[in-house]
Structure formats: structure tokens, C-alpha cells
Amino acid sequence: MDAGECKHDDSGDEEPTSQSDRSELQGTLKILVSKLDDLSTCNDLIAKHGAALQRSLSELEGLKVPVEGGEKIKAVNERATLFRITSNAMINACRDFLDLAETHSRRWQRALQYEREQRTHLEETIEQLAKQHNSLERAWREAPTLVSTTPSAPTANKGGSERLRKEEASDEDEDTEYFDAMEDSPAFITVTATENTQHRRSQSNLSGASGGQTNDWNQEDNMCPGYNDVSGKELQPCRQRRTRVPDKPNYSLNLWSIMKNCIGKELSKIPMPVNFNEPLSMLQRLSEDLEYHELLDKAARCDSSLEQMCLVAAFSVSSYSTTVHRTAKPFNPLLGETYELDRREEFGYRSLCEQVSHHPPAAAHHVISQRGWTLWQEITIASKFRGKYLSIMPLGAIHLHFHSSGNHYVWRKVTSTVHNIIVGKLWIDQSGDIEIVNHRTKETCQLKFSPYSYFSRDVPRKVTGVVADSGGQAHYVLSGTWDDKMESARILQSSRGGSGSEGKQKTVYQTLPPKLLWKKYPLPENAENMYFFSALALTLNEQEDSVGVTDSRLRPDQRLMEDGRWDEANSEKQRLEEKQRAVRRRREAEATDALDEGKEYEGYQPLWFHQRRDSVTGETSFVYKGGYWEAKEKQDWSMCPNIF
């Protein structure tokens with residue numbers, strides 16, 4: 001979203017009443033009638049003088065004049081006749097237009113009145129709901145605490161928390177959209193092979209919620225070498241990084257006063273104060289995808305491409321684990337803004353992001369690891385505001401290349417949905433399908449993120465998947481939740497099972513006991529007061545020396561917000577956005593001047609990325625062209641724009 005592009009439009013705050021509309025419309029019609037009368041008068045004069053002219057010309061024809069002169073007089077007479085006919089036709093057309101305008105104006109007036117009544121009713125309803133919500137919040141705060149919960153509640157308390165989440169979701173009114181659980185049920189059933197019996201379990205229970213025993217990656221028969229480190233912290237950090245940020249201030253916010261001015265406006269044009277933000281930019285949120293980079297380190301050591309695919313799938317799911325409590329939006333990066341995450345000494349990788357486009361907003365990301373892999377992506381965010389919820393659709397492909405094997409994986413992100421935008425507690429859901437393709441071997445992984453359903457018996461935030469070879473033969477079943485963990489189970493054999501409730505035939509997979517692929521790290525202590533940041537997120541905006549002058553860490557409004565100075569942050573945010581608009585206007589003026597002079601105008605070009613056509617997918621995207629880390633080593637940032 002681009003909050004910087006909006007302009008305040010208060011024209012909707014003082015709407016004329018229907019009576020004044022009617023008077024204005026009648027006044028306009030009176031003016032049109034008057035103008036039509038003027039045209040009729042002119043037409044009468046034209047007809048009168050035209051007739052007199054024709055009589056004079058007829059008299060001239062009767063005189064004895066040379067033949068050549070008589071022909072000219074006759075031609076003038078014909079033209080005068082045509083002129084009179086044309087003027088009559090013009091008057092008739094004007095009269096028809098007036099009749100038509102009068103007929104349609106009454107229809108438009110009725111339609112406009114209806115729309116205004118609907119808008120007024122909607123505003124009154126939303127305002128009433130907002131007041132009720134505030135009253136309920138105050139009553140809840142003043143009421144004695146009956147149940148105490150902690151962010152890091154033990155697993156045994158999970159059932160109660162799920163019931164609470166369902167009760168919160170049930171606060172929505174009867175118009176709430178629900179998903180049919182049967183439509184999204186897995187198209188397969190798993191049977192876990194044991195020594196004495198084969199115990200049939202549904203795919204939704206493979207995450208361990210059923211109480212079945214789950215092996216982790218500490219077992220001797222783990223799929224890849226180096227699988228014996230659940231934490232992924234093989235090396236101790238070379239520097240001590242911060243473990244907290246200032247607590248989030250408890251500022252009250254009049255949501256209704258903001259939403260009222262947003263009705264009817266495009267989402268990307270709505271001005272948003274920092275109260276809705278978290279003190280990180282979208283570039284830093286993109287870098288958070290690397291929180292579980294050790295999955296890729298282990299995948300690089302795999303000899304089997306199918307086992308490697310399992311880890312890549314777990315990595316793709318792990319990037320959503322930080323979003324479960326993160327309902328605040330990140331800062332929209334300014335055009336040319338960058339963010340580097342240099343963890344080469346600790347974890348062997350370097351990451352660079354750059355905002356490469358402003359309309360539509362797009363960011364390019366490149367990561368290279370000394371442990372055998374390179375990842376790159378260009379992400380454009382598309383969003384749709386549906387009244388009760390906001391859908392966020394990341395567009396663009398993610399590429400992952402392993403150096404030793406040459407395996408090249410490509411996948412795309414799923415849709416994120418923020419619910420209860422107007423009233424109620426905000427919560428986030430992920431839904432959709434991910435297809436991961438290894439373009440070297442043609443092996444695939446199909447992942448399904450099941451949308452939340454109040455009526456479903458499945459575990460919320462469930463993810464299921466199947467890893468198949470190039471011939472479509474399934475080898476692994478994946479299961480888990482995007483906010484907790486993912487497991488894989490190797491398939492021993494498969495068969496066609498009976499039909500489901502909708503008549504669809506399901507495949508039955510007999511598998512070995514599932515093994516843990518990925519487990520989410522617990523949140524830091526006091527995370528609920530620090531925007532629910534993970535351990536990595538707490539370090540992303542930490543000030544560092546020698547970063548580029550366009551780095552997000554140096555953005556002043558974001559820094560002021562992190563320090564708790566939100567009023568100053570709002571003022572600084574407006575200044576930066578106006579500065580960006582001024583630069584864009586100047587660029588547009590230069591383009592216009594170049595066009596007038598017949599010259600070519602190149603337009604804005606990113607500093608560290610350029611557009612190239614991908615040889616694997618055939619798509620054109622921004623990829624890293626080099627030079628950033630060399631500039632950092634020299635501390636030469638003279639080529640960078642002044643965006644802050």
C-alpha cells in the first residue's frame with residue numbers, strides 16, 4: 001500500500017441535502033430552457049432573414065443579367081436554403097436533448113438519493129458498532145480477571161485457547177463468510193505403519209495433535225546429514241545483538257474518525273498514521289523470511305533431491321510463522337530505500353532488499369549463502385479491502401538455487417487475510433495453494449493452506465502437502481501448521497481408497513511415522529509489549545555502522561516510532577511522503593519535457609537491481625546486478641539518492 005500518495009478530500013463531509021440538490025437541478029433545467037429559447041429566437045430570425053434573402057435572390061434571377069451571373073445567383077439561393085434547413089435541424093436536436101436531459105435527470109436524482117441514504121445508513125451503523133466495541137472493551141478492562149493466559153502457554157492448554165479463538169471469531173455478525181471444511185479436506189488419507197497394527201489416521205492429525213508419537217530430526221535415520229541441531233545455531237554469534245525494543249506505547253486511537261474519511265477511497269490512497277504500523281519496513285519484513293535459514297543450510301547437504309524438497313517446503317511454510325500475532329502493517333518503503341542483513345560471520349549469508357518500484361509497490365530481494373545456496377525474489381503487493389477483511393496477495397516468484405546440485409526451486413506465496421478490520425479483534429489467516437517445482441529434476445511439492453473455518457474439526461492454520469517425483473509418484477506426505485511446526489512422513493505404498501462425502505475418491509498412503517522438519521522458536525519474553533517481534537525481528541532495526549545511506553535503519557519516522565515518539569513520527573512520515581511526491585512530480589515534468597523535445601527519457605532505475613528475463617520461468621523480474629557489498633567495503637555511497 002502506498003499511504004504517501006493520498007490527498008485529503010473533504011468534499012464528502014459537507015454533502016448538499018436532497019432539497020438543495022433538487023433546487024440546483026431545477027435551476028440548471030431553467031437555464032437550459034432559457035438557452036433553448038434564445039436558440040429558437042435566433043432560428044426565427046435566421047428563417048425570416050433567410051426568406052427575405054431568397055426573395056431578393058429570386059428577384060435578381062428575374063432581371064436580365066448575363067448567363068454567368070444568373071448561375072451564381074442560383075447557387076447562392078441554394079446555399080441559403082440549405083443554411084435554413086440546417087438551422088431548423090439544429091433547433092430540433094437541441095429540443096430533443098433538453099427533453100432527454102430532463103427525463104434522465106429525474107432518474108439520476110432518484111439513484112443518487114438512494115445511494116446517499118445507503119451511505120448515511122452505513123456510516124451510522126459503523127459508528128454505532130465502534131461505540132459498542134469501545135464500551136465492551138472498557139467493560140472488559142474494568143471487570144475482574146477470571147482467566148489468566150500467557151503468550152507462551154503450554155501445549156496442554158491449547159484446546160482452551162482454540163475455544164477462545166472460536167468464541168472471538170463468533171463475534172462477527174451473521175453476514176460473516178465461512179469456508180466449508182469439506183471443500184478443503186485433503187484428497188488423501190494416511191495410514192501409519194507400525195510393528196503390530198496399522199493405525200489409520202486422517203491427514204489433519206499428522207501434526208502430532210492426535211497424540212501419536214513423532215520422531216524428530218535427532219534420530220539416527222534422519223534424512224540429511226547435519227540434522228542434529230534443532231536450534232540451527234551452529235555457530236555462536238560474533239557480536240551480541242539486542243534482545244528487546246522499547247515497549248509499545250498505549251496510545252488511544254479514534255478508528256472511526258479515520259475510517260469515515262476513507263469511505264469510497266482507494267485503499268492505496270488512504271493516509272495511515274503510524275498507530276497502525278510496527279517499527280519495521282516492508283523490506284525488513286521480507287528479510288524475516290530468513291528466520292529459519294538453517295533449513296536451507298541442511299537442504300544444501302542433502303544427497304536426495306526429494307528429501308531436499310521436504311526441507312524447502314518446510315522453509316516456505318516457516319516464513320508465515322511470524323505473522324500469527326503481527327496484525328500491524330510495516331512501513332511502506334520509499335522508492336530507492338534499501339535494507340541489508342549481513343549475517344555472514346554468524347550464519348554464512350548476506351541479504352539485500354531494494355524498493356525498485358513505487359506504482360505498483362515492488363521490492364527485490366537477493367540472498368547468497370556461503371553454505372551452498374542462493375535465494376532471490378521480486379514481490380509486488382496487491383491488496384483488496386472487503387469491508388470486514390483485507391486480502392493481501394503477494395505477486396511474484398521466489399527462486400532458490402543450490403550450488404552443488406544445481407537444483408533450482410521456484411514457488412509463490414499464498415494470500416494473507418486480515419479479519420475484523422472495522423470491529424473486533426484483528427486476526428490473520430493464510431490460505432491458498434503453493435506449488436514448489438524443482439526445475440532441474442521436475443519434482444514437485446503441492447502444499448495446501450486450509451482457510452480457517454469455525455465449523456471445521458481440523459486443527460486451525462493447517463498445512464498439508466505431498467512431494468512427488470517427475471512422474472507424479474508420491475514419496476512424502478507433509479503436515480503441520482504454519483504457526484507451529486511441519487513434519488514429513490515417507491510413503492511406503494499408496495492405493496485408491498473409498499469415495500469421500502462428496503463422491504471424490506481419496507488416495508490412501510501407508511507411511512512411516514512422521515519426522516519433525518521444522519519447529520517454531522518460542523517468542524522472546526515480553527513479546528506482547530514489543531509488537532510480538534521474534535528474536536530476529538528485534539534485531540532488524542538495530543542501528544549498525546557502515547550500512548548504506550538509504551537503509552531502512554536510517555529512516556527517521558520509523559526510528560521515532562520505535563522510540564515511542566509517535567506524534568513526531570507522524571509529522572516526519574508526512575514530510576518524507578511529501579518529499580517523495582515532489583521528486584516524482586519533478587521526474588514526470590522531466591519526462592514531459594523530453595517528450596516535447598523528441599528525446600528518450602529512461603525514467604527511474606534501481607541502483608542495485610536490474611530487470612532480466614529468467615531462463616527458467618521466462619518471466620521478467622528485478623535481479624541483483626552486484627556492487628552493493630563492494631560499495632560498503634569502500635564506504636562509497638556517492639551514487640545513492642537522498643531519500644530521507
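Values in this document were obtained by computation on a predicted structure and should not be read as measured data.
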TODO: Look at the aromatic rings of Trp427 and Tyr452 and report parallel, tilted or perpendicular, splitting at 30° and 60°.
DONE: perpendicular
Task: All pairs passing side chain to side chain donor-acceptor pair (under 3.5 Å) where residues 310-320 contributes a residue, at least two apart - done: none
- [ ] Could you list all the ring pair (Phe, Tyr, Trp, His ring centres under 6.0 Å) pairs where at least one residue sits in residues 534-560, not counting sequence neighbours?
- [x] none
Open item on the list: In this structure, is the centre-to-centre distance between the rings of Trp376 and Phe609 below 6.0 Å?
Closed with: no
Open item on the list: Minimum heavy-atom separation for Glu288 and Ala537, please, with both atom names.
Closed with: OE1-CB, 3.6 Å
- [ ] Heavy atoms only: give me the nearest Thr380-Ala362 pair and the separation to one decimal.
- [x] OG1-CB, 3.4 Å
- [ ] Anything under 30° is parallel, anything over 60° is perpendicular, the rest tilted; go ahead and classify Tyr349 against Trp373.
- [x] tilted
TODO: Measure from the side-chain N and O atoms of Arg371 to the backbone N and O of Lys298, and report whether any donor-acceptor pair falls under 3.5 Å.
DONE: no
Task: Within 6.0 Å of CD in Glu525, more than 12 heavy atoms from elsewhere - done: no
Task: Value rounded to 0.5 Å, distance of CG in Leu296 from CZ in Phe315 - done: 4.5 Å
Task: Exercise: identify the closest heavy-atom pair between Thr323 and Arg285 - done: CG2-NH2, 4.0 Å
Task: Separation between CE of Met393 and OG of Ser383, rounded to the nearest 0.5 Å - done: 6.5 Å
- [ ] Please state whether the rings of Phe402 and Tyr409 are parallel, tilted or perpendicular, taking 30° and 60° as the class boundaries.
- [x] perpendicular
TODO: Would you please classify the geometry between the Trp518 ring and the Tyr292 ring as parallel, tilted or perpendicular, with 30° and 60° separating the classes?
DONE: perpendicular
Task: Atom pair CG/CG of Leu540 and Leu286 - distance to nearest 0.5 Å - done: 11.0 Å
TODO: Take Thr550 and Thr338, measure what side chain to side chain donor-acceptor pair (under 3.5 Å) needs, and give me the verdict at the end.
DONE: CA-CA 6 Å; Thr550 55; Thr338 60; 2.8 Å; yes
Task: Closest heavy-atom pair and its distance - Met486, Val317 - done: CG-CG1, 3.9 Å
Task: Exceeds 12 heavy-atom contacts within 6.0 angstrom, atom CG of Asp247 - done: yes
Open item on the list: For a quick test of reading the model, state the closest non-hydrogen atom pair linking Leu426 to Asn420 and the distance between them.
Closed with: CD2-O, 3.0 Å
Task: Glu633, CD atom: more than 12 neighbouring heavy atoms under 6.0 Å - done: no
